[in-house]
**Student:** 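Before anything else, here's the structure in question.
Both ligands and their constituent atoms are indexed starting at 1 by order of listing.
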Amino acid sequence: MKINETVEKALNEQINRELYSAYLYLAMAAYLDDLNLPGAAHWMRIQAQEEIGHAMKLYDYVVERRGRVVLEGIAKPPAERKSITDVFESALRHEEEITSHINNLVDLAQEEGDHATVSMLKWFVDEQVEEEDSVDTILQKLKYLGEDGRSLITLDRELAQRQG
Ligand code: FEO
């Protein structure tokens, strides 16, 4: 069944949020590169790629349901941050916001009786649990280790290991 206009519009808005997420994480990568933390920057670059993957998953789904993908402008992400801890705190807040949007999308698809979209969104519901957890794990480490040089070098080496 062709996707209805309400769900189509909401999915297009989510495509924009996922692309903004990629842009936001790339800006965080640039900040971390500037701090000379290449491992943390690498982690954020991979995160940015993942967000493009999320956007494309929604894009492909809209096309599959004979809907129309409409791309809007992507907002400018903040360039300046206070510290690496501030970066990961902002990332966690952002993921929590994205989780709320995904939950709202599920509610909307349910109200519209669109079972296929509810089913497709299940992947995003599960993914958000992982997204929040991976950022929170890094944040907890930062809190325990602190931001002295030795701790940051250790953490940066660990973050450099992230696979795409
Ligand atoms: Fe696409 Fe990080 O949520």
**Student:** Tell me which N, O or S atom of E51 sits nearest to atom 1 (Fe) of ligand 1.
**Tutor:** OE1
**Student:** Near atom 1 (Fe) of ligand 1, is there an N/O/S atom from E131 that is less than 2.8 Å away?
**Tutor:** no
**Student:** Quick one: which of Q128, H94, E127 gives a side chain to side chain donor-acceptor pair (under 3.5 Å) with T99?
**Tutor:** Q128
**Student:** Is there a donor in the side chain of Y61 and an acceptor in the side chain of T117, or the other way round, less than 3.5 Å apart?
**Tutor:** yes
**Student:** May I ask you to check whether W43 and Y25 place their ring centers less than 6.0 Å from one another?
**Tutor:**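 No.
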**Student:** Which N, O or S atom name in E18 marks its closest approach to atom 1 (Fe) of ligand 1?
**Tutor:**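 That would be atom OE1.
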**Student:** Kindly give the atom name of the N, O or S atom of H54 closest to atom 1 (Fe) of ligand 1.
**Tutor:** ND1
**Student:** Do E72 and N16 have a side chain donor and acceptor closer than 3.5 Å?
**Tutor:**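 Side chains of E72 and N16: no pair found under 3.5 Å.
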**Student:** Among the N/O/S atoms of E95, select the one at the shortest distance from atom 2 (Fe) of ligand 1 and name it.
**Tutor:**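 The closest N, O or S atom of E95 to atom 2 (Fe) of ligand 1 is OE2.
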**Student:** Does a side chain donor of either N4 or E8 reach within less than 3.5 Å of an acceptor in the other side chain?
**Tutor:**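 There is no such pair between these side chains.
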